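Note that the structure is predicted; figures quoted are calculated from it, not measured.
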Amino acid sequence: MTIKNWDIDLVGVLADNDYVSETTGKPFAVFVNRQNSIQFLIKVISQTPETFPDVRLFTCYASELHRYGFEDQYNKSDDEREEALRDFLRDNLLIFRPTRKVNLGQNEVYLAKEARLIPKWDSYHDKITLMPVPIFSTKHHKLSFEDFQTRLLTKKFVGKIDYISTEPDDTPSFVLWKHDDTRFEVIGEFDKHQYAFGGFCFSYKEPLKNISVSSEWFDNCHEEKDIMFIELNTYTRISSELHQAGVLQDTEIGSTTSAAVEIAATTMELSDPVTEEAAQPLAQEAPEPAVPASDHLSSSEETRFLELFYSITRDMGLQYQKRDLLNFHTSLKSSTLTILAGMSGTGKSKLVQAYSRALGMDDSQLNIIPVRPSWSDDADLVGFVDSLHMVYRPGDSGMINTLINAKNDENKNNKLYIICFDEMNLARVEHYFSQFLSVLELEPSRRILRLYNDDLEAKLYNSAQYPPTIPIGDNVIFVGTVNLDESTYHFSDKVLDRANVISLEIMPFIGLKELKDEKKNQKREPYSLDVFRSFKSTENGFSLSDQEVHLFWDIHQAFQTVNTNLGVGPRIVKQIDNYMKNLPKTSYFTSSDALDKQIVQRILTKLRGSEEQLQALLGTIDLHTGKVTGGSLLEILDRYHDLSPFTESRKIIDQKTRELKINGYTV
């Protein structure tokens with residue numbers, strides 16, 4: 001089965017039987033299916049993307065409505081149950097995310113996911129069409145209205161709008177600026193746009209115009225986060241008023257859009273549009289956009305760095321999901337140890353090299369250490385005191401020399417260093433990495449690696465070169481790569497509690513034909529340590545919502561019913577909180593996606609054991625249908641579906657449940 005998700009919101013209404021019959025030949029819009037669940041069809045009433053399939057009906061299930069109070073009365077007849085759902089939806093519209101599934105028989109099924117109810121307005125009628133229009137505001141985009149105007153006039157990126165089409169053929173003719181709940185500004189008209197990490201960048205042929213409107217204009221519309229779904233008659237009226245309005249003036253640069261067109265025309269003509277979907281690999285090197293100013297000191301600089309990082313991965317022949325790269329970057333900013341996992345040949349070590357190249361590091365700043373199967377304690381990595389010759393002999397990995405360079409006065413506040421343990425689970429990590437596991441748990445100012453006892457310092461000939469302790473500052477990043485096969489060891493909870501374990505998704509091989517040849521000997525201006533530090537969040541305190549905290553507590557409680565030594569732990573929750581605070585703002589990898597990934601990377605990695613131990617937690621799977629039933633973890637994720645659809649977490653649960661069924665255990 002193949003699945004295609006569109007990261008957009010559509011608005012629909014419960015279809016009537018006549019429309020369903022004319023469109024599909026089936027008799028009913030609401031019916032009880034073979035699994036004894038109510039299934040119904042939604043008719044789309046909002047504009048779909050230009051490249052969207054010619055589909056107007058989407059299947060939805062009554063279970064999507066439980067959070068709104070709908071209860072399916074299984075003890076009643078099918079007719080009564082179906083009529084109850086019609087009554088429930090009679091005065092409501094639905095907003096949903098479209099999904100297409102293609103089963104083994106190559107039959108396409110279009111589903112409505114994450115359905116949300118909104119009440120119909122008084123003037124609603126059956127022929128209504130809604131047009132999605134972006135809404136920008138100071139609250140969500142950290143821009144003043146004056147800054148927003150300036151960015152439009154100079155054709156700069158003005159910020160993200162989630163869940164609206166960003167395809168090149170779907171340029172909105174105008175956008176809204178929300179001053180407050182009672183007043184909006186309409187600005188247009190646009191004829192094309194770019195969309196990259198910095199969000200929308202609009203282009204126009206005629207001078208931009210603007211009008212101020214009150215919220216009463218949108219009485220027959222629906223505002224959903226940063227999108228206004230405008231009724232077509234209202235949309236047409238606004239377009240007509242805008243066409244006759246005055247030219248937009250910029251108080252900052254003292255110009256009209258006529259002058260701005262001349263300023264930016266050359267740049268726009270030479271730029272290729274960037275219109276990738278979140279689930280697709282980067283198809284071409286993206287331009288380096290500016291993004292709105294924000295409380296985050298260096299958001300625009302971080303954006304430029306990320307675009308450079310994406311481009312370099314392509315130049316090096318690497319093909320990754322964009323969200324995987326964002327996940328990796330966020331983990332490096334927020335975690336003491338990041339582990340890249342997966343089968344051999346996926347380019348894990350090369351990804352670390354690409355990241356260092358994007359930062360402009362030289363060879364002394366990146367140390368990739370091949371782990372040896374014979375390593376049994378930290379002396380193999382750190383080194384030891386040769387008491388016969390009274391010298392300290394560092395391990396031949398070169399790690400100690402890298403740490404000493406990093407702590408030197410000329411480097412500790414200027415240069416960033418990366419130490420990568422390649423195939424780190426060829427030996428037992430808990431043995432050769434034991435001292436690091438304790439040290440990395442501490443605050444950067446307290447991370448001290450001990451090489452030998454202080455009383456030996458005066459006796460060793462090379463103690464000036466190798467002091468008894470080495471501080472490990474925040475200018476050192478630790479990364480590991482692991483292959484999960486029969487030649488390696490699995491991690492203990494001691495390691496998993498301190499690491500983000502990222503599994504890189506393998507992309508379709510056809511994309512390899514689009515990759516560029518590697519560019520060698522490219523000199524790039526290095527990023528200073530201060531700039532990298534500015535990428536990190538300065539937000540203090542604990543920022544996870546109450547609902548998120550309750551989610552982790554419920555998962556912990558479920559784990560405890562299986563094994564009192566198994567759980568989430570405060571350390572993990574704090575580290576997840578730090579990760580979420582450091583997440584860049586992007587539609588490719590939202591906070592909902594990140595929360596899902598953190599459950600996979602920080603919690604589900606700890607689930608190992610027999611069917612007898614884990615069945616109550618994971619559930620059971622029917623190998624013929626692939627459906628998982630029971631299991632307290634899925635029940636918890638269902639309960640907190642408002643936070644995220646938990647797509648990745650559900651995949652891992654399915655995988656582990658399948659392993660239990662086939663092997664009797666999961667690892």
Side-chain angles (χ1 to χ4, degrees), residues 5 9 35-40 60-74 84-85 88-89 92 94-97 99 111-118 163 225 542-564 566-570 572-574 576-577 579-580 590-607 613-622 626-657 660 666:
N5 296 309
D9 276 339
Q35 286 75 42
N36 198 30
S37 298
I38 299 180
Q39 192 171 321
F40 61 97
C60 195
Y61 298 92
S63 57
E64 292 273 346
L65 306 177
H66 288 172
R67 57 181 156 156
Y68 293 101
F70 178 76
E71 294 184 9
D72 190 3
Q73 303 293 326
Y74 293 97
L85 185 133
F88 187 82
L89 293 178
N92 291 290
L94 301 101
I95 297 181
F96 63 92
R97 308 263 162 80
T99 293
L111 301 174
K113 295 292 187 180
E114 302 179 51
R116 289 145 283 158
L117 291 186
I118 57 174
Y163 310 121
K225 295 182 180 178
F542 194 76
S543 64
L544 290 178
S545 68
D546 290 349
Q547 196 175 15
E548 289 168 334
V549 173
H550 290 319
L551 165 65
F552 294 128
W553 178 250
D554 287 352
I555 293 175
H556 171 74
Q557 296 279 65
F559 277 28
Q560 290 280 290
T561 62
V562 172
N563 184 341
T564 54
L566 185 65
V568 177
I572 290 178
V573 176
K574 290 177 183 177
I576 291 174
D577 175 62
Y579 177 98
M580 299 296 289
T590 65
S591 58
S592 171
D593 300 327
L595 183 66
D596 184 20
K597 281 285 190 183
Q598 284 295 280
I599 291 175
V600 171
Q601 294 167 189
R602 304 309 308 270
I603 298 175
L604 297 185
T605 52
K606 303 172 73 172
L607 281 182
Q613 289 176 305
L614 299 178
Q615 189 175 67
L617 198 60
L618 293 173
T620 58
I621 189 168
D622 185 326
K627 185 177 181 181
V628 177
T629 56
S632 53
L633 272 183
L634 285 177
E635 292 176 2
I636 292 170
L637 297 184
D638 288 340
R639 197 182 314 146
Y640 290 93
H641 63 271
D642 286 346
L643 294 175
S644 170
F646 300 111
T647 306
E648 297 297 325
S649 298
R650 294 177 189 275
K651 286 180 183 177
I652 297 299
I653 292 172
D654 284 359
Q655 175 189 323
K656 289 184 173 290
T657 307
L660 289 182
T666 183

Handout entry: Sidechain N-carboxylate O distance under 4.0 Å for K225, D9
Key = no

Salt-bridge test for D638 and R650: reply yes if a basic N is under 4.0 Å from a carboxylate O, no otherwise. yes

If only atom types and distance count, is the side chain of [X] paired as donor or acceptor with the main-chain N or O of [Y] below 3.5 Å?
X    : Y    : value
K597 : E648 : no
D622 : K627 : no
K656 : L607 : yes

Does some side-chain heavy atom of [Y] sit less than 4.5 Å from a side-chain heavy atom of [X]?
X    : Y    : value
L89  : L117 : yes
K113 : E64  : yes
L595 : F552 : yes

Between [X] and [Y], what is the shortest heavy-atom contact and its length?
X    : Y    : answer
T657 : G619 : CG2-O, 3.3 Å
M580 : S591 : CE-O, 3.4 Å
L637 : S649 : CD1-CB, 3.9 Å
T647 : D596 : N-OD2, 3.0 Å
C60  : A112 : SG-O, 3.8 Å
L604 : L633 : CD2-CD1, 4.0 Å

Salt bridge (charged side-chain N to carboxylate O under 4.0 Å, His left out) pairs touching residues 543-552, sequence neighbours excluded, are none

Review point. Is the count of non-hydrogen atoms from other residues, nucleotides or ligands lying under 6.0 Å from E71 atom CD greater than 12?
Key: no

[X] [atom1] to [Y] [atom2] distance, which is reported to the nearest 0.5 Å:
X    : Y    : atom1 : atom2 : answer
N5   : T99  : CG    : OG1   : 4.0 Å
K606 : F559 : NZ    : CZ    : 7.5 Å
Q601 : I652 : CD    : CD1   : 10.0 Å
L614 : L566 : CG    : CG    : 8.0 Å
L617 : Q615 : CG    : CD    : 11.0 Å
F646 : I599 : CZ    : CD1   : 4.5 Å

Those residues at least two apart in sequence (or on a different chain) that pass side chain to side chain donor-acceptor pair (under 3.5 Å) with Y640 are D554

Sorted by chain and residue number, the side chain to side chain donor-acceptor pair (under 3.5 Å) partners of T590 (sequence neighbours excluded) come out as D593

Apply side-chain contact (heavy atoms from CB on, under 4.5 Å) to residues I576 and V568 and explain how you reach the verdict. CA-CA 11 Å; I576 291 174; V568 177; 5.6 Å; no

Measure from the ring center of W553 to the ring center of H550 and say whether it is less than 6.0 Å.
no

